[in-house]
Amino acid sequence: MAPNVDIDTVSAPALFIEKAPLERYVAPEKPSLLGMSRAELAEVLGECGVPPAQRKMRVQQLWHWIYFRGATSFDDMTTMSKELRAALPVRYTLARPEVIAEQVSVDGTRKWLMRLPGDADSKLPHDVECVYIPDTERGTLCVSSQVGCTLNCTFCHTGTQRLVRNLTAGEIVGQVMAARDRLGDWPGGTRPTDGVIPAGARCVTNIVMMGMGEPLYNFDAVRDALLIVSDGEGIGISKRRITLSTSGVVPNIIRAGAEIGCMLAISLHAVRDDLRNELVPLNRKYPIAELLDACRNYPGASNAKRITFEYVMLKDVNDSIEEAKALVRLLKGIPAKINLIPFNPWPGSKYECSDWEQIEKFSAVVFDAGYASPVRTPRGRDIFAACGQLKSATEKLSARERQALRAMAMTD
Ligand code: SAH
Ligand code: SF4
C-alpha cells in the first residue's frame, strides 16, 4: 500500500462495496409523533386515555394539526380537549430534526444542516443535509434517507462518509416539515424575503429522495415517510411529484413500485458493466441487465410516468459519443427520461466534469433519439449543495483516520 494515500483520492477497492452500517442510535427520551401511522397514533391516544370509540376521530384531528397545519406545539391544537393537549406532551413531542445551519446560494438554492439524535457510544449527534431548489413554478426538496451511505460510488462525496445509520420515518418526514417551517410553507405562514420562492401557493411542491444515502437500503422507513408525505389529508404532495433515486437495489425496485408508487430514478452512469462496476460498485451485485429488467417491470411505468435515468458526465470516463449511442440503445423499450448531470467536484475527487462542448454533443445524440432537454443545470454549487456533494459537517476525518480506513479496506 502506498504511504500517505488519501482515501478520498483512490478508487473504491473491489472488496469495499458496502460498509457495515453502524446502527448506533440513542432514541430521544420522548419520541416524536412524526412518522407514526394512523394506527400508531390511535394507540398513543389510547395511552392518553381517549376511549376506543373516539380514537378514529381524534386521530383525524391530530393528523390534520400535525401534517396539514404543521403544528409545532400541542397547545396549538385548539380542536382537541384541554386534557388531551396536556396529556400528549407528557410522553410525546412534535420534534423535527433541528435545523442548525442554513446557507442560501446566489441562485436561491437553500441548504440546511439538520441535527438528529446521535451515537450510543460517543453521544455525538448525527447530521444530514437537506436542500431546497426553487424555480419560478416549483420548489423541489432533496431529502436524505441515511446518515452517510453504505455504498461507495467513486464520484460521490457522501460515499466517502464513514458514519452511517438509517434515518427513521419520522426523521425523513421531519426534514420535509423542518424545511416547510423554515420557508413559512404552512397555512398562514410567512415566506422568507430573500432567495427565490416559487409563484404558486406552496413552496415545496416536489420531493426527490436524492440527498444522502441509498433510499432502497432503508426501505421501510422511506416507504412509511413517503406515504405520509403524499397523504391527501396532510402534506398532500402527489406521488407523481415524488421521485426516489436508487443506485440499483434491484429487489427493492419492484417493492417501491408496489408499496410506494412514486416516480423512480436510476443512477445509471455507465452503459457497460466493467465501467459501472467501478463507478457504482453495487453493479457487481446487480448488473445492468438485471437492473433494466427491474425497470421494465416497474409497476405503473408508462409514457406518462417515465423512469428517469441519471448519467453523471465524467470527462474521458463515460462521455464518448459511442456511449451516448449505446445509452439510447440500452433504454429502448423502457418509458424513460434521461438526465445528464454535470459532475460536481468535491475536495479530493479524482474525476473532472466533461467539457461543456462534449456534454452538448452527448446530449444532442440523446435529444435526437427523442429525449427532451436532458442536461440538469447544477444548482447551489457555491454552497456545496449540488448532487453528490453532501456530507455531514461532523464527519471530518483526520488524515490518520483516513489512513486507517484505507488500511481496513485493503485488508478486508
Ligand atoms: N443513493 C441514491 C440517491 C442519492 S444520490 C442514488 O445513488 O441514486 C443522487 C444523484 O446524484 C445520483 O444520481 C448520484 O449518482 C448523483 N451524484 C452523486 N455524486 C455526484 C457528483 N459528484 N456529481 C454529480 N452527481 C452526483
Ligand atoms: Fe450512496 Fe448514491 Fe452516493 Fe452512491 S451515489 S455513494 S448510492 S448516495
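In listed order, ligands and their atoms are each counted from 1. Heads up: numbering here begins at 1 and tracks the sequence.
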### Query
Do the non-hydrogen side-chain atoms of Leu227 and Lys239 ever get within less than 4.5 Å of each other?
yes

### Task
Between Gly211, Ser267, Pro215, flag the one that comes closest to atom 12 (C) of ligand 1 by a heavy atom.
Ser267

### Task
For Trp346, counting its heavy atoms only, list the atoms of ligand 1 lying under 4.0 Å from any of them.
22 (N)

### Task
With sequence neighbours excluded, tell me which residues meet side chain to side chain donor-acceptor pair (under 3.5 Å) with Gln60.
none

### Task
Identify, by atom number and element, the atoms of ligand 2 in contact range of Ser247, meaning under 4.0 Å from any of its heavy atoms.
7 (S)

### Query
Do Ser145 and Glu214 have side-chain N/O donor and acceptor atoms under 3.5 Å apart?
no

#### Entry: His157, any N or O under 3.5 Å of ligand 1 N or O
no

### Query
Okay, side chain of Asn218, backbone of Leu167: is any donor-acceptor separation there less than 3.5 Å?
yes

### Query
When you look at Cys353 and Ile359, which way does the side chain to side chain contact (heavy atoms under 4.5 Å, CB included) test go after all the steps?
CA-CA 9 Å; Cys353 181; Ile359 298 182; 4.2 Å; yes

### Task
Can you sort out which atoms of ligand 1 are near Thr246, meaning under 4.0 Å from one of its heavy atoms?
6 (C), 8 (O)

### Query
Got a sec: does the NZ of Lys337 have more than 12 other heavy atoms crowding it under 6.0 Å?
no

### Query
Does even one non-hydrogen atom of Cys353 get within less than 4.0 Å of ligand 1?
no

### Task
Return the option from His269, Glu310, Met209, Met212 holding the heavy atom at the smallest distance from atom 15 (O) of ligand 1.
His269

#### Entry: Subset of ligand 2 atoms that lie under 4.0 Å from at least one heavy atom of Cys149
1 (Fe), 6 (S), 7 (S), 8 (S)

### Exercise: do Glu360 and Trp356 side chains pair donor with acceptor under 3.5 Å
yes

### Query
So, are Lys325 and Asp368 salt-bridged, with charged N and O less than 4.0 Å apart?
no

#### Entry: Sub-4.0 Å atoms of ligand 2 with respect to non-hydrogen atoms of Cys153
4 (Fe), 5 (S), 6 (S), 7 (S)

### Query
So which of Ser245, Cys149, Pro345, Cys142 gets nearest to atom 3 (C) of ligand 1, if we judge by its closest heavy atom?
Ser245

#### Entry: Contacting atoms of ligand 1, where contact means under 4.0 angstrom from a heavy atom of Ile341
24 (C), 25 (N)

### Task
Below 4.0 angstrom from a heavy atom of Phe155, which ligand 1 atoms are there? Numbered from 1 as shown, please.
15 (O), 17 (N), 18 (C), 19 (N), 20 (C), 21 (C), 22 (N)

### Query
ligand 1 and Phe343, any nitrogen or oxygen pair closer than 3.5 angstrom?
no

#### Entry: Flag side-chain contact, heavy atom, 4.5 Å: Arg276 against His269
no

### Message
Show the atoms of ligand 1 that are less than 4.0 angstrom away from any heavy atom in Gly213.
### Response
1 (N), 2 (C), 3 (C), 4 (C)

### Message
Is any side-chain heavy atom of Thr79 closer than 4.5 Å to one of Trp65?
### Response
yes

### Message
I need the atoms of ligand 1 closer than 4.0 Å to a non-hydrogen atom of Cys156, numbered in the order shown.
### Response
18 (C), 19 (N)

### Query
At a non-hydrogen distance cut-off of under 4.0 Å, which region of Asn344 contacts ligand 1 (side chain, backbone, both, or neither)?
both

